Amino acid sequence: EPPFWAWRDLLVAAVLAIPLFIAAGLLTGLAIHALPGEPPKAVRLLVPQFAGFAAALLPVVFMFRARYDRPLWQSINLHLPRGEWYRSVFVGIGLATLVLVTAALLHPPRIQSPLQELMNDPRSAPYLVVAAVTLAPLFEELFFRGLLQPLLVRDLGVIMGIGLSAVPFALLHGPEFSWSWRHVLLIAIAGTGFAIKRHTSGSLGAAMVTH
């Protein structure tokens, strides 16, 4: 089904989401700071961030319900069809292999990114791993492949829509790797794979599992 929402809807939702993201992040950070003891660094960094993402979704949910009388989750097709779970897992493994092989050919420089610092912290690493395979795919796929990609495909065609949906996804991760073009390219390849899975399966849930 073609997307019924418009570019203006995303713009209005984004304007409303920014202050909600900041407020939720600040309040959650203050609450964590007030807890007794010293929580792992990953908790102090990731929990406010994901709380902000959750708060930023509120304008989108409200817009879909108030303006179109449609629930967000059904509108972006979060449903995972029968058997798609296993296919998405295998596609994810194949995509990860492709990214690793490409990385071996490109020889990207070693960068001490914030994520790598968290992975080197024994207390933070478990929280980072859990977030990387649950909340990060949920929020990232919801925006880039759930809300943005359908509009791009509708207005620019399949090839351009899939390709362009991977560009802002890759640029979002650019600061984590000091804007190394090799790292950004590898993330763009992954994003393109997620976008192809979203389009061919028709399921955002499949793209999330692949991610």
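All values reported here derive from a predicted model rather than from experimental measurement.
Considering all non-hydrogen atoms of both residues, Pro126 and Pro122 come closest at CD-O, 3.2 Å. Annotation for Glu141 and Ala207: closest pair OE1-CB, 3.5 Å, computed over non-hydrogen atoms. Among all heavy-atom pairs drawn from Ala17 and Ala56, the shortest one is CB-O, 3.5 Å. Contact record, Gly146 with Ile76: O-CG2, 3.6 Å, taken as the closest heavy-atom pair. In plain terms, the two heavy atoms of Gly52 and Phe21 that are nearest each other are C-CD1, 3.2 Å. Residues Met208 and Leu138 come closest through the heavy atom pair CE-O, 3.4 Å.
By the rule that hydrophobic residues join a cluster once side-chain heavy atoms approach within less than 4.5 Å of another member, Val89 and Tyr86 end up as members of one cluster. When the side chains of ILVMFWY residues are joined at heavy-atom separations under 4.5 Å, either directly or via intervening members, Val99 and Val209 end up in two distinct hydrophobic clusters. Follow the hydrophobic side-chain contacts under 4.5 Å out from Leu135 and you reach Val60 in the same cluster. Put simply, Leu147 and Trp73 are part of the same group of oily side chains (I, L, V, M, F, W, Y) that touch within less than 4.5 Å, one to the next. Cluster membership for Leu78 and Leu72, using ILVMFWY side-chain heavy atoms within less than 4.5 angstrom, is shared.
Residues near Leu27 contribute nothing to a hydrophobic cluster around it, because no ILVMFWY side-chain heavy atom sits closer than 4.5 Å to its side chain. Taking Ile, Leu, Val, Met, Phe, Trp and Tyr as hydrophobic and joining them when side-chain heavy atoms fall under 4.5 Å apart, one finds Leu30 isolated, its cluster having no other members. In the hydrophobic clustering (ILVMFWY side chains linked at under 4.5 Å, chained through shared members), Val158 is joined by Val153, Ile162, Ile196.
Shown are Leu46, Val133, Asp121; of these, the side-chain contact (heavy atoms from CB on, under 4.5 Å) with Leu128 is made only by Leu46.
Looking at His107 and Arg182, their side chains never come closer than 4.5 Å, going by heavy atoms from C-beta outward. His173 has its side chain out of reach of His183: every pair of non-hydrogen atoms, C-beta onward, lies at least 4.5 Å apart. Side-chain contact between Val91 and Phe194 is absent, with no heavy atoms from C-beta onward closer than 4.5 Å. Side-chain atoms of Pro48 and Leu26, non-hydrogen and from C-beta on, never get closer than 4.5 Å to each other. No side-chain heavy atom of Asp155 sits under 4.5 Å from any side-chain heavy atom of Met160. Residues Leu142 and Leu57 form a side-chain contact, since some pair of their non-hydrogen atoms from C-beta on lies under 4.5 Å apart. Using a 4.5 Å cut-off on side-chain heavy atoms (C-beta onward), Met119 and Val129 make contact. The shortest distance between side-chain heavy atoms of Ser180 and Pro109 falls below 4.5 Å.
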Practice problem: Starting from the C-alpha separation in whole Å, work towards a yes-or-no answer on side-chain contact (heavy atoms from CB on, under 4.5 Å) for Asp9 and Arg67. | Solution: CA-CA 10 Å; Asp9 297 326; Arg67 185 170 188 182; 2.4 Å; yes
Quiz prompt | CA sep, side-chain torsions, deciding dist, call: Phe177, Ile187, side-chain contact (heavy atoms from CB on, under 4.5 Å) | solution = CA-CA 11 Å; Phe177 300 100; Ile187 297 170; 3.6 Å; yes
Practice problem: Would you sort out whether Leu186 and Trp181 count as a side-chain contact (heavy atoms from CB on, under 4.5 Å), showing the intermediate values? | Solution: CA-CA 9 Å; Leu186 293 172; Trp181 69 267; over 6 Å; no
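Below 30°, between 30° and 60°, or above 60°: for His211 and Phe169 the angle between ring planes is above 60°, a perpendicular geometry.
Within 6.0 Å of CZ on Phe64 lie more than 12 heavy atoms contributed by other residues, nucleotides or ligands. Applying the 6.0 Å contact sphere to CG of Leu35 captures more than 12 heavy atoms from other residues, nucleotides or ligands.
Scored by the ring-ring contact (aromatic ring centres under 6.0 Å, His included) test, Phe62 finds no partners at all (sequence neighbours excluded). With sequence neighbours left out, Trp85 forms a side-chain hydrogen bond (donor to acceptor under 3.5 Å, both in side chains) with no residue at all. In terms of the salt bridge (Lys or Arg N to Asp or Glu O under 4.0 Å) criterion, residue partners of Arg87 (sequence neighbours excluded) are, by chain and number, Glu84.
The CD atom of Glu176 sits 11.0 Å away from atom CD1 of Ile111, with the distance rounded to the nearest 0.5 Å. In this structure, Leu152 CG and Leu148 CG are separated by 4.5 Å, a value rounded to the nearest 0.5 Å. The OG1 atom of Thr192 sits 15.5 Å away from atom NZ of Lys197, with the distance rounded to the nearest 0.5 Å. For the atom pair Leu80 CG and Ser88 OG, the distance stands at 5.5 Å (nearest 0.5 Å). If you take CZ on Phe90 and CG on Leu95, they are separated by 15.0 Å, rounding to the nearest 0.5 Å. The line from CG of Leu185 to OG1 of Thr102 is 7.5 Å long, rounded to the nearest 0.5 Å.
Between the side chain of Arg145 and the main chain of Arg198, no donor-acceptor pair closer than 3.5 Å is present. Between the side chain of Ser165 and the backbone N or O of Gln149 there is no donor-acceptor pair closer than 3.5 Å. Between the side chain of Ser203 and the backbone N or O of His79, at least one donor-acceptor pair lies under 3.5 Å. In this structure, the side chain of Arg70 does not engage the main chain of Ser75 through any donor-acceptor pair within 3.5 Å.
Phe144 has its ring centre no less than 6.0 Å from the ring centre of Phe139. Taking the six-membered ring for Trp, Tyr68 and Trp5 have ring centres at least 6.0 Å apart.
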